[in-house]
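Have a look at the structure below before the remarks.
Here is how names work: the chains are called A, B, and so on, in the same order as the sequence lines, proteins then strands, and each is numbered from 1.
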Amino acid sequence: METAYRDLTCGDARLSHVGREVALAGWVHRRRDLGQLIFLDLRDRYGITQVVIDRHDAPEAHTVGADVRTEFVVRARGVLAKRLAGTENAKLATGDVELRVQDLRVLSTAKTPPFPINEPDAEVDDALRLKYRYLDLRREPMQKRLLLRSRLVHAIREVHHAAGFVEIETPLLIKATPEGARDFIVPSRLQPGSAYALPQSPQQLKQLLMVSGFDRYFQIARCLRDEDLRGDRQPEFTQLDLEMSFVTEADVMAFVERMVIEVSRSVTPERPIANDPFPRMTYREAIDRYGSDKPDIRYGLELHSLADVAAGSGFRVFDETLDGGGVVYGFAAPGMAGAPRSRLDELTEDAKRHGARGLIWMALEEGGTIRSPIAKFLVEGRAAAIVAAVGAKPGDLVLIVAGDDIHAQEALGRLRVDCAARLGLGDPDVLSYLWVNRFPMYQWDADGHRWDATHNPFSGVLPEDEELLATSSGDPSDPSPGDPAGRARALQYDIVLNGWELGGGSIRIHRRELLERSFLLMGHSEKAQREKFGGILEAFEYGPPPHGGIALGIDRWAALLTYQTNIREVMAFPKTQSGTDLMLEAPSPVDPALLDELGLALKPRKKPDA
RNA sequence: GGGCCCGUGGUGUAGCGGCCCAACAUGCCAGCCUGUCACGCUGGAGAUCGCCGGUUCGAAUCCGGUCGGGCCCGCCA
């Protein structure tokens, strides 16, 4: 890292360098002025080196050093020396040595920063961090995370190139996609009245590359979606996008699994990978056992159906739910029987927030008595049967949700995650990867009165379910919620890491007639198909190979690998939850002349009538 | 579109109707100090308590609105 300004970085100096005359350059991390003697901790992204300025040895440098302040950029030249016995600093990699300064130059001065750069643990208001993002990024935690992210992307590229993948860039100015999220729109100056859309993902383009014969493609691709933000969602984010030809589901999963393991071991060698090979479970199993299609399996707390043991209990909620074809599920939260009423009320509120109509609890006291709002319905045998069904032990709290459908299981699944967090379950160091597949092809869209792709409209169907791509009316353009199509399972697979959806993909439909049938079910008439997907449908008339792929969220992956739950922490310049960039002050009004050229007028936000 | 939380010297917090022209820590400025490493010691400056309006004899404190940030639901794969 030698340059005209420096011979070593601030992380390089070791005992082996002692005696050498060197120059260092960096930011003043801290200054300790003892009068005749000044210590500067000089920092760059590689580390910190102590610089000593002794007035007797270097009076001119001492004068400069007296005026130096935190975050000034300086260049110090001198002799690298072994520290005096007893003054070594074990906390620094460079702590056995120090630079005895002969010459000190200020390369640039700095105002007092708006928040401490030199205290890694300092809590700083998010808005302030984002406004001065360049200073936030100067802090050690952000440096570490972005460096890890860089290693992550590097490792991904290495593995893919080694496996014969071709890295191809796809355009950002493309055509709006009718499915999925809201598109960002870019008006066209050359084609007045028309607009480009920014890609939600390179989905169609990568499939076209398969038609072109690039049988192994990948890209670290920016994706843009104009939807509301969350901690794990930004309007622009990055995916590892890949697609392969002449593959089955097993082929894609096998490659991705090896790739993920290799990359994880390379980037975070100290973190254990829970399972190799990754466990695989069907969507149905994930929902039934964990109430989630992205279960965190680092801990148990599995859900159990109580349909058999709750039937005919005399408790109206159970009986009516089960008679109506609904579900009753429960799980045992270990050691939570002593939870006070207030805590149980909180859990009930959480369950409601997660979409349950209510929550039933049974606390198994150590003495064997059961405390529960439905105690009077729990005649002896029934209570024991429920306890047995969920595998509860004395001291456990059994949580039960009844409801019409999958939403009850999902609500309970979220309670499971809440309880696990509260109980401190799940080793935070472990990387627990998991495959979930056999997702339903479609979900019923009541508003649009059509079937909607659960994931991707091009996802293929399990061969044995192909005949289910039909409506009960016999006319694919006349769908209804009871259609066989609702039971069809997709060749769709998600990869899950510690309870987060890391990525998802599918084997695509490459046979045109099947694709058209699927599109009809999703409410796209042949005419609409031409308009919306004409390009790719035409391409599929020219020998599309069987193909499939996957996309992994790089931001989420980097966040999980750095113990973060918010992807902003692994993005250099993220936006706020309201989609603004506080540093650049974007979005902003646009020069009227430019708008005019584009044939645009921007309407200001509607104000309530005055 | 909706719910909840936060906004007080540069920073992080305390104060939550009068004890407050606001406290503590840190940072900042000045002086002293030759082995510090979160250096130490002494002194000092620094806040119309996000903004607007209201209630009140009196508002950082209560109420309404607004702006900004965060978490969540809807939305989103």
Side-chain angles (χ1 to χ4, degrees), chain A residues 29-42 48-57 62 66-67 69-71 81 83-92 94-95 98 100 111-132 135 179-183 200-201 203 223-235 237 239 293-294 349-350 352-355 411 414 436 439 443 452-457 459 492 494-496 500-506 550-553 556 565-566 568 575-578 580 582 585 605 607-608:
Chain A
H29 188 67
R30 232 173 256 287
R31 190 176 75 107
R32 292 178 293 281
D33 186 345
L34 277 62
Q36 306 279 43
L37 198 63
I38 299 171
F39 294 94
L40 298 181
D41 289 340
L42 208 57
I48 291 175
T49 300
Q50 174 164 279
V51 164
V52 197
I53 312 160
D54 188 323
R55 191 171 176 184
H56 288 301
D57 298 341
H62 186 273
D67 287 333
R69 291 295 180 267
T70 304
E71 300 307 318
R83 288 201 189 186
L84 301 181
T87 66
E88 301 87 354
N89 185 347
K91 286 184 231 161
L92 294 180
T94 62
E98 62 193 9
R100 302 262 166 82
K111 298 207 293 191
T112 301
F115 49 80
I117 310 290
N118 54 14
E119 293 173 24
D121 300 329
E123 296 247 342
V124 183
D125 182 71
D126 278 322
L128 203 61
R129 289 179 61 196
L130 291 174
K131 179 169 181 195
Y132 297 95
L135 293 180
E179 296 283 325
R182 202 173 286 119
D183 288 308
Q200 299 175 25
S201 78
Q203 182 62 36
C223 305
L224 301 108
R225 294 176 190 168
D226 188 8
E227 293 292 345
D228 286 359
L229 276 43
R230 286 288 189 286
D232 62 348
R233 279 169 15 204
Q234 282 273 309
F237 59 100
Q239 283 188 344
D293 62 357
K294 44 180 189 292
E349 283 309 304
D350 290 343
K352 285 181 180 165
R353 190 158 42 82
H354 295 153
R414 294 173 74 158
V436 176
F439 284 79
Q443 54 204 16
D452 192 12
T454 306
H455 280 77
N456 174 320
S459 289
Q492 159 76 33
D494 277 7
I495 184 166
V496 176
W500 277 34
E501 181 188 330
L502 186 60
S506 64
I550 195 168
L552 271 65
R556 288 184 181 181
T565 54
N566 194 313
R568 281 193 299 257
K575 291 179 176 56
T576 67
Q577 193 158 40
S578 50
T580 62
L582 297 178
E585 296 182 319
R605 181 196 303 272
K607 292 274 180 197

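- Rounded to a whole angstrom, the distance from the C1' atom of G17(B) to that of C76(B) is 46 Å.
- Closest to the R230(A) side chain, of the nucleotides C39(B), G69(B), G74(B), is G74(B).
- Here K91(A) reaches the OP1 or OP2 of A38(B): one of its side-chain N or O atoms lies under 4.0 Å away.
- Across all strands shown, the partner of C24(B) is G12(B), judged by Watson-Crick or G-U wobble contacts whose two distances both fall under 3.5 Å.
- Taking only distance into account, the side chain of D228(A) meets the base of G74(B) through a donor-acceptor pair shorter than 3.5 Å.
- Residue order along RNA chain B, read from the 5' end via each residue's closest nucleotide, puts G231(A) first among G231(A) and T454(A).
- In this structure, R233(A) reaches the bases: a heavy-atom distance under 4.0 Å links it to at least one base atom across the strands shown.
- Looking at V51(A), D33(A), V52(A) one by one, the single match for side chain to side chain contact (heavy atoms under 4.5 Å, CB included) with I38(A) turns out to be D33(A).
- Between the C1' atoms of G54(B) and A22(B), the separation comes to 24 Å (whole Å).
- Comparing U42(B) with A60(B), their P atoms are spaced 34 Å from each other, to the whole Å.
- A gap of 13 Å separates the P atoms of U61(B) and C16(B), to the nearest Å.
- In this structure, U48(B) forms no base pair with any nucleotide, since neither Watson-Crick nor G-U wobble geometry is met with both distances under 3.5 Å.
- The backbone N or O of E98(A) lies less than 3.5 Å from no partner atom in the side chain of R83(A), so there is not a single donor-acceptor pair.
- As judged by a 4.0 angstrom heavy-atom cut-off over every strand, N118(A) is placed among residues making no nucleic acid contact.
- C4(B) is paired with G70(B) under the criterion used here, namely a Watson-Crick or G-U wobble arrangement in which both key atom distances are under 3.5 Å.
- For A38(B) and C75(B), the C1' atoms lie 46 Å apart once the distance is rounded to whole Å.
- Only the P atoms considered, G46(B) is 13 Å distant from A23(B), to the nearest whole Å.
- If you check distances only, the side chain of R83(A) does reach the base of C37(B) with a donor-acceptor pair under 3.5 Å.
- C57(B) and U11(B): their C1' atoms are spaced 37 Å apart (whole Å).
- In this structure, C62(B) and G54(B) make a Watson-Crick or G-U wobble pair, each of the two defining distances being under 3.5 angstrom.
- Distance check: D183(A) CG to L224(A) CG gives 9.5 Å after rounding to the nearest 0.5 Å.
- The aromatic ring of F39(A) sits over the base of U36(B), with ring centres less than 5.5 Å apart and planes inclined by under 30°.
- Of the side-chain N and O atoms in T112(A), none sit less than 4.0 angstrom from OP1 or OP2 of G27(B).
- A side-chain donor-acceptor contact under 3.5 Å links Q36(A) and R55(A).
- Nucleotides G74(B) and A14(B) place their C1' atoms 38 Å apart, quoted to the nearest Å.
- As judged by a 4.0 angstrom heavy-atom cut-off over every strand, E98(A) is placed among the base-contacting residues.
- For the 3.5 Å distance criterion, the side chains of N456(A) and Q203(A) qualify, holding a donor opposite an acceptor.
- Taking atom CG of residue L37(A) and atom P of nucleotide U36(B), one finds them 10 Å apart after rounding to whole Å.
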W500(A)/L502(A) under side chain to side chain contact (heavy atoms under 4.5 Å, CB included): CA gap, chis, key distance, verdict:
CA-CA 6 Å; W500(A) 277 34; L502(A) 186 60; 5.9 Å; no
